[in-house]
Amino acid sequence: TLLASSAASDVYKRQILEYLSLFGESCVGDIVSGVEIEQMKVSQYLKRLRDDGFVTSRKNGRYVFYDITAGIHKTAINCIHHRYDGKNEI
C-alpha cells in the first residue's frame, strides 16, 4: 500500500541520514554498501533529502559526495542516533 511504501521510504531515509552522521561525507557507493539498500533507491532518497535541505552534495570528478547539512539537521540526526544507539532500529 501507499502508506507502507511511505513508511519504508522514511526508514530508508533515516538509515541514510544515520550513516552520514556516523561516517561523514560519503559517495553513493559507500552509502549503498553501508545501508544495504539498492543504488537506485539510495540515489532517489538522497535527491529528496537534498531537495528538503537535509543533505548537501558536491561533485568531485565523476563522484557525488553527500553530507548532512550543517546546523539543526545534524543535531537532530545525532539525537536520533543517541536514542537508538545499539538497537538497530533505524
Side-chain angles (χ1 to χ4, degrees):
T1 67
L2 182 59
L3 183 58
S5 175
S6 176
S9 71
D10 289 344
V11 168
Y12 295 148
K13 285 184 246 183
R14 284 196 308 267
Q15 286 177 322
I16 292 168
L17 289 171
E18 181 171 294
Y19 178 89
L20 291 172
S21 75
L22 292 171
F23 297 102
E25 185 182 61
S26 302
C27 67
V28 173
D30 290 341
I31 297 168
V32 167
S33 296
V35 297
E36 298 179 352
I37 302 168
E38 62 186 76
Q39 188 271 329
M40 187 173 81
K41 287 184 179 182
V42 168
S43 293
Q44 290 173 351
Y45 297 139
L46 284 166
K47 181 188 181 320
R48 290 182 193 149
L49 290 166
R50 187 183 65 218
D51 291 348
D52 291 340
F54 284 95
V55 299
T56 58
S57 64
R58 70 172 180 89
K59 190 165 186 169
N60 185 2
R62 53 181 228 173
Y63 295 97
V64 178
F65 290 84
Y66 293 87
D67 201 358
I68 295 175
T69 302
I72 188 77
H73 303 305
K74 195 160 199 163
T75 301
I77 298 308
N78 285 335
C79 288
I80 290 169
H81 174 67
H82 179 73
R83 167 68 176 87
Y84 293 104
D85 190 28
K87 292 187 178 180
N88 295 329
E89 291 184 25
I90 292 183

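As the structure is a computational prediction, the values presented were derived from the model and not from experiment. Heads up: numbering here begins at 1 and tracks the sequence.
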Straight-line distance of [X] [atom1] to [Y] [atom2], nearest 0.5 Å:
X: Gln44; Y: Met40; atom1: CD; atom2: CE; value: 5.0 Å
X: Arg48; Y: Ser43; atom1: CZ; atom2: OG; value: 11.5 Å
X: Ile16; Y: Ser21; atom1: CD1; atom2: OG; value: 12.5 Å
X: Leu20; Y: Tyr66; atom1: CG; atom2: OH; value: 10.0 Å
X: Arg50; Y: Asp67; atom1: CZ; atom2: CG; value: 14.0 Å

Would Gln15 and Ile37 count as a side chain to side chain contact (heavy atoms under 4.5 Å, CB included) here? Give the steps.
CA-CA 9 Å; Gln15 286 177 322; Ile37 302 168; 3.4 Å; yes

May I ask whether Leu22 and Val28 are part of the same hydrophobic cluster, defined by side-chain heavy atoms of I, L, V, M, F, W, Y residues being less than 4.5 angstrom apart, directly or through others?
yes

Hey, quick one: are Phe65 and Leu46 part of the same hydrophobic cluster, counting side-chain heavy atoms closer than 4.5 Å, chains of contacts allowed?
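No, separate clusters.
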
Just jot down the side-chain hydrogen bond (donor to acceptor under 3.5 Å, both in side chains) partners of Asn60, sequence neighbours excluded, or say none.
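Residues passing side-chain hydrogen bond (donor to acceptor under 3.5 Å, both in side chains) with Asn60: none at all.
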
What are the two closest heavy atoms between Val32 and Gln39, and how far apart are they?
CG2-CA, 3.6 Å

Heavy-atom closest pair, residues Val64 and Ser57:
CG1-CB, 3.9 Å

Under the side chain to side chain contact (heavy atoms under 4.5 Å, CB included) rule, what do Leu17 and Val55 come out as? Steps first, then yes or no, please.
CA-CA 8 Å; Leu17 289 171; Val55 299; 3.8 Å; yes

Applying ring-ring contact (aromatic ring centres under 6.0 Å, His included) as the test, list every pair that has at least one member in residues 15-41; sequence neighbours left out.
Tyr19-Phe23

Lys47 and Asp51 ion-paired at < 4.0 Å
yes

Side chain of Thr69, backbone of Phe54: donor and acceptor closer than 3.5 Å?
yes

Hey, could you give me each pair passing side-chain hydrogen bond (donor to acceptor under 3.5 Å, both in side chains) that has a residue in residues 25-38? Not counting sequence neighbours.
Glu25-Arg58

